[in-house]
J.: 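Okay, handing you the structure first.
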2 protein chains.
Amino acid sequence: MQKITLKTIAEKVKVSPSTVSRVIRNDRTCYISKSKKQAILEAVRKLNYAPNFAARNLALGKSSNVAFVLCRLCHIGESGPFTFKILENIQETLRREGYSLSVITIPHDNLNGFREICLSRKLYDGIIFGSGVISEETADIIKNSEIPKIVVDDNSPFLENIPRVITDKEEGITSAISYLKKMGHRKIAFYGHSTSMLELFRKAMINNELSFDKKLDFRFSSGNIYELMFDAYVNATLVLENLSKFTGVFCANDFVALGLIQRLTEKKIKVGSEISIIGFDNIEELLNVPEDERFLTTIHKPREKMGEETAELLLKMMKNGRMRNRAKKLPCRLIIRKSTGYCKGGDEK
Amino acid sequence: MQKITLKTIAEKVKVSPSTVSRVIRNDRTCYISKSKKQAILEAVRKLNYAPNFAARNLALGKSSNVAFVLCRLCHIGESGPFTFKILENIQETLRREGYSLSVITIPHDNLNGFREICLSRKLYDGIIFGSGVISEETADIIKNSEIPKIVVDDNSPFLENIPRVITDKEEGITSAISYLKKMGHRKIAFYGHSTSMLELFRKAMINNELSFDKKLDFRFSSGNIYELMFDAYVNATLVLENLSKFTGVFCANDFVALGLIQRLTEKKIKVGSEISIIGFDNIEELLNVPEDERFLTTIHKPREKMGEETAELLLKMMKNGRMRNRAKKLPCRLIIRKSTGYCKGGDEK
DNA sequence: CTGTTAGCGCGTTCAA
DNA sequence: TTGAACGCGCTAACAG
């Protein structure tokens, strides 16, 4: 089978390869006569021509390839649909600009390999770092590389000085607490497993001038995300035993909230009226629960937007060779559903 | 910053670029004098040289890129650590041969795009199809493409005639049932959500000349893998209410088994002595549970091996242009842990 | 054992 | 508005 190249098209239409190239690339700097342009596009379609990317990249001196780096591939599985929503949008945004995305891992037992493969070689035009625990040593390698890079949805201390796209969780949680306060709630408990979320909750309570009673915080340790909902269900006794002490519960994430709600419902406690529950992540949307069946009031993290922003910032950096923004913080959005309502036995405002 | 190319090295060592190329590629067809080889490798190291892949690919007429295709990226998240174990091994095997792997999705709203991007263009040298639901239309596109391709861990009816690497689940389950039978169990229930697993269980019972009592099968519908363990815990009443009817339970997968065990343990039923439970997937290993803490007797699916085999078969096909094996079926392995034991009140053998 | 040479297919001058 | 010519960096065939 004969290879279809620019030359093939050129010969067929009786123009030069460069003219064909200009048409293919939609080159704005020089105008091509309508008739030739039509003929070329026609031939391209007919012969099913597609450019050779290796040749194009060689000529342009780039790889048209971007790396998405994680510590372990499994990590992406553990964070479930979260990371994927971001990844999908990064991929799509890059694709539109002719870049492909490779998901790779940091080989913890071979940091030199990582250095060579990802950073010094021209295998990738840019690198995106996903969330995950990275060592200080790895971070040093990353920082010292010349390649355009960006961090998404992560707050590793070691990657501090690299441009990043993150969300304003504190503001999101503060608005959630503010909403509960407006609904008459004063005593709000934290239920979950994450110390970082607990800290954000504490700040949000302070931001709302509500007292943060440590006695209302429940924690448990969970090995992985798969067991989270389950753990929340099992540990719900912690909530049940203290029901008189609060009217609202802020859960570290939606899985935790769903597990808790299940247990409360079994105990005939009406979530939404007798007690208000807020989660974090808008997991019902990610899990494709039909819109009218979604129940949980939650804080939506703009993952699509994060993906797009990340890709766009990186594209700019790859074009200009300089970083634009130190950190782009995207707002979270409170989504009010049926798991919250007016506080019946609560304090007045 | 000056670009380091073959030529740079060649000039520095005072040899020709092709000699350098031969050393870099470790070309077995021609021997290079020790002294020159040493000098070249030394210079490569010092100047931190790395080959330009675009140039290499252009010269070789290939992309050195393989696609791993899924319907949606989220799918990989939903199947959790399962697919990743395979993916990691595919990636590693391909990497050793100089190929990189791109994880891509089938854009369900743009099949022509899929056709063009993945199949007719030379963007990928080969394609690996992961598990997931694909339409007949998509399958047709795939079948009609010239590109070397392989299916892994999937049994879509539409991709029937494409080479594949799968596991022999039936044989695995049969050996599990056989083991239970040897331990004195005669009445074994199926607990789970998957009709395909139920069918395999049925066959395995028949293979072991055990009667398959439909009354012992429990099912529930689950939206996604995250809720599976939880669902299994909640639905365990189905098992509890019928305890007298069986001595062993085969669970559709390990998450289901773990949820069930949790509930049984709460009810003071001793798993392993009073009742035997077998799962499927060896999830405790995937979740990095320490070896001595693993409890569940399960059927191990050789994911590492599947990844390697898949990559190796594809590499062969890319080299020879022909498919070698229609279907490679890898054996599963029964792993006996503490959740199973002798049947105390069971029939004699 | 090693160097010379001729492409791989495309983008981009520079002329016309 | 278009074409000719060169080069991107590498591999492979051929010649020594």
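In what follows, chains carry the letters A, B, and so on, assigned in the order in which the sequence lines appear, proteins first and then strands, with residues in each chain numbered from 1. Computed over heavy atoms, backbone and side chain alike; hydrogens, waters and symmetry mates excluded.
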J.: When the axes are fitted on five pairs at both termini, how much does the helix from dC1(C)-dG16(D) to dA16(C)-dT1(D) curve, in 10° steps?
T.: 40°

J.: Would you grab the first and last nucleotide of DNA chain D (5' to 3') that comes under 4.0 Å of any non-hydrogen atom in chain A?
T.: dT1(D) to dG9(D)

J.: Restricting to side-chain contact (heavy atoms from CB on, under 4.5 Å), what partner residues turn up for I166(B), sequence neighbours left out?
T.: R164(B), K329(B)

J.: Can S63(A) and N57(A) be counted as having a side-chain donor-acceptor contact under 3.5 angstrom?
T.: no

J.: My understanding is that only residues two or more places apart in sequence, or in another chain, count here; which of them pass side-chain contact (heavy atoms from CB on, under 4.5 Å) with A59(B)?
T.: none

J.: When you check every protein heavy atom under 4.0 Å of nucleotides 8-16 of chain C, what one-letter string (B, S, -) results, 5' to 3'?
T.: BBBSBB---

J.: Can you see which heavy atom on S16(A) is nearest to which on A10(A), and at what distance?
T.: C-CB, 3.7 Å

J.: Rounded to the nearest 0.5 Å, what separation is found between the CG atom of D153(B) and the NZ atom of K301(B)?
T.: 3.5 Å

J.: Would you say K3(A) and Y49(A) are linked by a side-chain donor-acceptor pair, where the criterion is simply a distance under 3.5 Å?
T.: no

J.: What heavy-atom pair brings S145(B) and I142(B) nearest, and what distance separates the two atoms?
T.: OG-O, 2.9 Å

J.: For N65(B) and S100(B), does a side-chain donor sit closer than 3.5 Å to a side-chain acceptor?
T.: yes

J.: Could you work out, with side-chain contact (heavy atoms from CB on, under 4.5 Å) as the rule, every residue matching R96(A), not counting sequence neighbours?
T.: E92(A), T93(A)

J.: Of all heavy-atom pairs between I90(A) and G307(A), which one has the smallest distance, and what is that distance?
T.: CG1-O, 3.4 Å

